[in-house]
Student: 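Here it is: the structure, laid out below.
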Amino acid sequence: GESVGLHLPTLSVQEGDNSIINCAYSNSASDYFIWYKQESGKGPQFIIDIRSNMDKRQGQRVTVLLNKTVKHLSLQIAATQPGDSAVYFCAEVASGNEKLTFGTGTRLTIIP
Amino acid sequence: GAVVSQHPSRVICKSGTSVKIECRSLDFQATTMFWYRQFPKQSLMLMATSNEGSKATYEQGVEKDKFLINHASLTLSTLTVTSAHPEDSSFYICSARALTGYYEQYFGPGTRLTVT
């Protein structure tokens, strides 16, 4: 069936370095993608989104890249800080469907 | 803006009892609210979608008689776990979509349910 998955379950990055979290999706009908950050014991927090008519979107210290050809999504976090340590989920929404489908998540650990 | 609250944040109940969890959109009106369940170290799994004034739509495998959802107003949805069992222990998270939203969902802080 259709799924959204992540390549790596854990990622450790030295503080100050850049990090890249990847996500593969298989539903070609998906037209909206979101990255969420979830800290332990809390709900997901919106980071950045991108629509399928774009291939790149930038926020504060974060960039999302979308490659529709290979159905790949990535989240780049620049100059990582200890507060960036969390689990990151990608989620997709298929055209005409209001439901979010979440990926499995990647735990990012920032090493001081 | 776009704040969603949940109450309670933590609840412990005995097996066989029922527990009600509230989800409120504090500063916006939500046409649709979603309920998710998350087990430790796992992703969020959608349980049901609720629209104000109508019956909730449950995902496959979710028992609607066990997880009662009421969406009484544009700012409040409740999830009642009836006859709770230890396997219902989980992290329950709601989200709300604004009237004017595209697909953005704003998430609550979650409710940790422990059934003993």
Side-chain angles (χ1 to χ4, degrees), chain A residues 1-11 21 23-25 27 29-54 57 59 64 66 86-109, chain B residues 1-11 21 23-26 30-51 56-62 90-114:
Chain A
E2 301 290 2
S3 66
V4 177
L6 295 177
H7 294 306
L8 296 172
T10 62
L11 177 65
I21 300 171
C23 178
Y25 67 95
N27 187 352
S30 294
D31 66 351
Y32 179 59
F33 304 87
I34 314 105
W35 281 101
Y36 289 96
K37 172 186 180 183
Q38 187 180 29
E39 297 176 39
S40 181
K42 297 183 180 179
Q45 175 187 354
F46 173 91
I47 301 173
I48 193 167
D49 59 359
I50 189 167
R51 298 181 185 175
S52 60
N53 61 353
M54 304 171 69
R57 190 158 188 235
V64 56
L66 175 62
V87 177
Y88 290 81
F89 293 97
C90 65
E92 63 170 343
V93 180
S95 177
N97 187 338
E98 62 184 350
K99 296 190 287 188
L100 287 173
T101 300
F102 280 83
T104 53
T106 293
R107 177 171 294 283
L108 175 65
T109 301
Chain B
V3 178
V4 176
S5 70
Q6 281 184 242
H7 178 78
S9 57
R10 289 178 175 271
V11 58
I21 303 169
C23 176
R24 293 182 185 271
S25 56
L26 298 184
T31 50
T32 307
M33 289 185 171
F34 304 85
W35 288 96
Y36 297 83
R37 181 165 54 182
Q38 185 178 33
F39 292 107
K41 298 185 180 181
Q42 293 188 22
S43 189
L44 283 75
M45 296 299 295
L46 180 65
M47 298 175 67
T49 303
S50 92
N51 290 290
T57 302
Y58 291 81
E59 295 300 299
Q60 193 171 8
V62 178
S90 188
F91 195 50
Y92 291 87
I93 306 170
C94 73
S95 70
R97 187 162 72 89
L99 279 169
T100 55
Y102 181 57
Y103 287 130
E104 294 93 341
Q105 290 184 25
Y106 302 99
F107 284 83
T111 295
R112 173 75 58 194
L113 170 64
T114 303

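Here is how names work: the chains are called A, B, and so on, in the same order as the sequence lines, proteins then strands, and each is numbered from 1.
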Student: Please classify the contact of B:Gln38 with chain A as side chain, backbone, both or neither, using a heavy-atom distance under 4.5 Å.
Tutor: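 Only the side chain of B:Gln38 comes within 4.5 Å of chain A.
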Student: Can you check whether B:Asn51's main-chain N or O pairs, donor with acceptor, with B:Thr32's side chain at less than 3.5 Å?
Tutor: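 No, because the side chain of B:Thr32 does not come within donor-acceptor range (under 3.5 Å) of the backbone of B:Asn51.
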Student: Within the distance-only criterion (no hydrogens, no angle test), does the side chain of A:Arg57 pair as donor or acceptor with the backbone N or O of A:Asp49 below 3.5 angstrom?
Tutor: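 Yes: the side chain of A:Arg57 pairs with the backbone of A:Asp49.
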Student: Mark yes or no for whether A:Thr106, through its side chain, and A:Tyr88, through its backbone, hold a donor-acceptor pair below 3.5 Å.
Tutor: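 It does not hold such a pair.
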Student: Side chain, backbone, both or neither: which part of B:Gln105 has an atom under 4.5 Å from a heavy atom of chain A?
Tutor: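 Contact with chain A: backbone and side chain both.
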Student: Looking at B:Pro109, B:Cys94, B:Gly108, which one has more heavy-atom pairs under 4.5 Å with chain A than the rest?
Tutor: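 The option with the most such pairs is B:Pro109.
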Student: Show your working on side chain to side chain contact (heavy atoms under 4.5 Å, CB included) between B:Thr31 and A:Glu98 and close with a plain yes or no.
Tutor: CA-CA 11 Å; B:Thr31 50; A:Glu98 62 184 350; 6.0 Å; no
Student: Examine whether an atom of B:Leu44 lies under 4.5 Å from a heavy atom of chain A, and if so say whether it belongs to the side chain, the backbone or both; otherwise answer neither.
Tutor: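 Interface part for B:Leu44: both.
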Student: Name the region of A:Gln45, side chain, backbone, both or neither, that has any atom closer than 4.5 Å to a heavy atom of chain B.
Tutor: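 Neither the backbone nor the side chain of A:Gln45 comes within 4.5 Å of chain B.
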Student: Hey, are the side chains of A:Leu100 and A:Phe89 touching, using non-hydrogen atoms and a 4.5 Å cut-off?
Tutor: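 Not touching, per the 4.5 Å side-chain cut-off.
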Student: Measure B:Ser95 against the heavy atoms of chain A and call it side chain, backbone, both or neither at under 4.5 Å.
Tutor: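 B:Ser95 has no heavy atom closer than 4.5 Å to chain A.
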